[in-house]
Amino acid sequence: MEYATHKNPFKFGDPVEGEYYLARPGLSKIVHQFLDSKIHVVLLGPRRFGKTSFILDVLRHEEKKGKACLLIDIFNVTSHRDFLQQLLRALRSKQDWGAKLKKWFESAPRLRAKITLEVDPKTGQHSWGVSPDLAPEDVKEAIQDTIVALGEIGARVIIAIDEFQTIAELEDDGWLEATLRTQMQQIKNTSFLFSGSRRSVIHDMLNNASRPFYRSAQLIDFPTLGPEFTDWITKRFDGVGVACERGAIDELRREVQETPNYVQMACFHLVAQGTRTVDKRKIHEVLRTVVKQNAYAYQTLLNSLTQIQQRALRLAANNSEGIYAKDAIAKYEIPSGPTLASAIKALKQKQILDEGTAQGRVVFDDPLFSIWLKTEFPG
Ligand SMILES: Nc1ncnc2c1ncn2[C@@H]1O[C@H](COP(=O)(O)OP(=O)(O)OP(=O)(O)O)[C@@H](O)[C@H]1O
Ligand SMILES: [Mg+2]
């Protein structure tokens, strides 16, 4: 069949680049301007909105302009040692810095006691490791020395830290947060670009006068893609001979709360199934299929919650706004407004719901979970 010979024009799950990535020129321009003026930037956006893809794109452009750029991912970091490992891992990805890094390393005796460097004599590939049995104080020193050293890797340097709220969540009495802040001030040629998804944690880091990051970076809300995203999707379909209604894609974007990852995911499945025309009915069909694949996980999650919390979730899934309306509360058998409020608060703490943008609105961390709830428990 004809469609089977085409490569799928959609990708999801991992960061995207090249033809799979729709540029965000407006946002890029602002971020480049801040970084050029040495203003540190925090990008705040929901999960799976394209933050990492965007940062990679920014760094590619900055590298072309001659800056030395490094991306550190700290999503799963649970300790200082983990953080150090991720710093070194980021260095490993910069194989073209090999000679510079080796020279730096050889001139840093304090670090040589803590970090190992192996250079493959044939390929010149370098790989880094943390010496075993480092004392906690040594790990801290190694983190400081490594960050200072990064500032020496180029005349202008950009250090991007993805998922940076993790720094605030470490149980270290704020040591890493304070250390990073000090270094942001001291290393004059380096701009920091942070991203994060936990709104309340990041707002507190930047707006609470008693915290080290207080007003030390420009906060930018990561915007949703505009109507150009619908154009882009329909063109991608067109490229493999699939006719697609614009209205269907707009509907898909609404259903998944504007999450580009799930837009691409649904479209990927439509192409993989051999769909030739895409309309709203096909969109709802494919969403049901995708959501069904996660049913077990959703059921497990639901079973871990109290009954009131479960009802609050059904209510939220079926009402995109006005969740505190009297008739809604009664319909879902929730005793009172305050009971609902405390259930919602607990669900936010569990990171199942996110802060909504307006009173009486809640946003699901995973929009597919909301779709599953609506199908299982229609309002
Ligand atoms: N600009 C874009 N153009 C097209 N697709 C995009 C774009 N940004 C994100 N996506 C889609 O979203 C998916 C996830 O992107 P990415 O990993 O960059 O998001 P993220 O916000 O870093 O996610 P996470 O919260 O999981 O870290 C991509 O695989 C792609 O399908
Ligand atoms: Mg990411």
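Because the structure is a prediction, the values reported are computed rather than measured. First listed ligand is number 1; within each ligand, the first listed atom is number 1.
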Within the heavy-atom cut-off of under 4.0 Å, ligand 1 is lined by Lys11, Phe12, Gly13, Asp14, Pro15, Val16, Tyr20, Tyr21, Leu22, Arg47, Arg48, Phe49, Gly50, Lys51, Thr52, Ser53, Glu163, Trp232, Pro260, Asn261, Gln264

May I ask you to say whether Arg60 pairs ionically with Glu17, meaning some side-chain N is under 4.0 Å from a carboxylate O?
yes

Go through the steps to decide whether Phe164 and Phe75 satisfy the test ring-ring contact (aromatic ring centres under 6.0 Å, His included), and finish with yes or no.
CA-CA 7 Å; Phe164 110 115; Phe75 188 53; over 10 Å; no

Distance-only side-chain donor-acceptor flag, Asn261 / Thr259, under 3.5 Å:
no

Is Lys65 paired with Glu62 through a side-chain N to carboxylate O contact shorter than 4.0 Å?
yes

Quick one: give me the number of protein N/O/S atoms under 2.8 Å from the Mg ion (ligand 2).
1

Mutual orientation of the aromatic rings belonging to His269 and Phe12 [parallel < 30°, tilted 30-60°, perpendicular > 60°]
tilted

Name the one of Glu258, Gln257, Glu251 that satisfies side chain to side chain donor-acceptor pair (under 3.5 Å) with Arg254?
Glu251

Working note: Ile72 + Ile159, criterion side-chain contact (heavy atoms from CB on, under 4.5 Å); need CA distance, chi angles, decisive distance, verdict.
CA-CA 8 Å; Ile72 306 163; Ile159 299 181; 3.7 Å; yes

Taking the six-membered ring for Trp, are Tyr20 and Phe10 closer than 6.0 Å centroid to centroid?
no

Can Thr230 and Arg253 be counted as having a side-chain donor-acceptor contact under 3.5 angstrom?
yes

